[in-house]
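Position 1 is the first residue of the sequence, and the numbers go up from there.
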Amino acid sequence: MINVKPLSSKRQGVYISTYGCQMNENDTERMLSLLEMVNYEPVNSPDQASLIIINSCSVREKPVHKVHSEVGRYKELKKNNPDLLIGVGGCVAQQEKTRLLTDIPLLDFVFGTDAIDELPDIVEKLKSSHQKIAKVRFEHQKPYQIQTLVRNPGVSTFVNITKGCDNFCTFCVVPFTRGRERSRALAELVKDVQSLVQRGVKEVTLLGQNVNSYKSACGANFAQLLKTLSRETDIQRIRFTTSHPKDFNEELVQVMFEESEKVMEYIHLPVQSGNSKVLERMNRGYSREEYIQKVKMIFKYLPQAVLSTDIIVGFPGETEEQFQETLSLLDEVPYESLYAFKYSPRPFTKAARFSDQLPEDVKSERLQRLFDKHKSIAQQLSQKYVGKIVQVLVEKTSEGRGIGRSTQNKVVHFPLKGEQELVGKMVDVQVSEAFPQTLRGHLL
Ligand code: SF4
């Protein structure tokens, strides 16, 4: 339980710029909830703020440079208002630690991914002591005990179930920026989800770097967590991301099948490469063949399952033949969505030290070929929805249209009939037009 005292009765503005993944988006929401408890309110522009936070990401290119240049843009604001507080959180803060404070004199504080809940305290200390603060230690031994903090949860919201990662894929900085993997207790998650239901939430997405390796202190694994949430809470839909193929086992697919009323049939299963040798150098823990076997197992239990994936092209040493195997994987696995990136070295990671880095032009050209190939496949796959009825959880209505998500995680648009209040309701929509990410249709 978080206990924070309001700083003063006058509300002050906080501006947070967020980079990166869903985990960071969720952390920003947590920061805003915590700061709201101490009389901050979010503002839309930095010049209205007395506290500016950059929630940084170190997954994409030049992350430190991005932090430097964003803080640089606040130079005038800080000059005009010396009380303005500027801080950096997220993965770059965790990675660079106190070096950021030395390198960027305008910064007042840095806080790592384990220090989010200390944010109100940090702000209070900054105001009273006027000393720079760095909170960047990992709390490896501390149990992962939080409650979901979300200001306006709406119909669908995210719930962290694990944090950190122990897998050390050779390209990935996450184990260094999010620390060792820890899981929340099953009983707490049941309470958390049920209390979100009482606030009107109909759908939760369980969030973690590798949700399948979830392990509660009571011994429950991810499959058991899904089953328990499905049976012991009134949540209507459950999604999860991200899955690691090596931990995606038959028990989990069976539970997805048994609980398919609530557990959605969409699975994001990052493959990263279609070549076994590259996968080995990435330390992914599975071969191409093993991955394909897992996909077959998924379709055996869940023939309607929808798959998406992540792919890295131009990993060090990747030959044209090995890349061709990634291309040919698209013929074997029907990915409806694809998130693909060029490999780029990350600090501390093993692959950054591999001597056989590929030239940028080779990586760019392969990425384009991958996208070109997937574009036509995705367009073709989407056509199977035309004429079908999909169940949609309505998330909003706007200008005479309802918008929601289908069980397959497609965004669905449909014209409203009259003045019905549909937000939060489950409706059936017959699809008339289909695109890879979006469906259009009419209400039944
Ligand atoms: S599983 Fe691999 S890619 Fe995913 S967060 Fe962990 S180390 Fe990174």
Is there a side-chain contact between [X] and [Y] in this structure, where contact means two heavy atoms from C-beta onward sitting under 4.5 Å apart?
X	Y	answer
L77	P46	yes
V155	L393	yes
Y291	R284	no
R440	F414	no
V71	L100	no
Y385	Q430	no

Between [X] and [Y], a side-chain donor and acceptor under 3.5 Å:
X	Y	result
Q95	S58	yes
Q437	S337	yes
K246	N167	yes
Y301	Q254	yes
E265	S260	no
D247	N210	yes
E181	S213	yes
E289	S276	yes
H268	N409	no
D192	T148	yes
T18	T28	yes
D372	Q368	yes
S45	D47	yes
E36	Y40	no
Y266	T407	no

Heavy-atom count check: over 12 atoms from other residues, nucleotides or ligands less than 6.0 Å from [X] [atom1]?
X	atom1	value
Q380	CD	no
K375	NZ	no
D331	CG	yes
E261	CD	no
K350	NZ	no
K342	NZ	yes

Taking [X] for its side chain and [Y] for its backbone only, find out whether a donor-acceptor pair lies under 3.5 Å.
X	Y	result
D108	I86	yes
T241	L207	no
T309	V271	yes
E29	R151	yes
T397	R401	no
R288	T326	no
K163	G208	no
S376	K373	yes
Q94	T113	yes
K262	I235	yes

Task: Salt-bridge contact R30-D117 (side-chain N to carboxylate O under 4.0 Å) - done: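 So R30 pairs with D117 through a salt bridge.
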Task: Basic-acidic side-chain contact under 4.0 Å: R366, E320 - done: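 Result for this pair is yes, salt bridge flagged.
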- [ ] Look at the rings of Y214 and F222 and say which category their plane angle falls in: under 30° parallel, 30 to 60° tilted, over 60° perpendicular.
- [x]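 Judged by the thresholds at 30° and 60°, the geometry between Y214 and F222 is perpendicular.
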Open item on the list: Please report whether the ring centroid of F111 lies less than 6.0 Å from that of F109.
Closed with: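 F109 vs F111: aromatic centres under 6.0 Å.
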TODO: Check whether the ring centres of F176 and F168 lie less than 6.0 Å apart, and answer yes or no.
DONE: yes
Task: Residue list, salt bridge (Lys or Arg N to Asp or Glu O under 4.0 Å) with E259, at least two apart or on another chain - done: R231
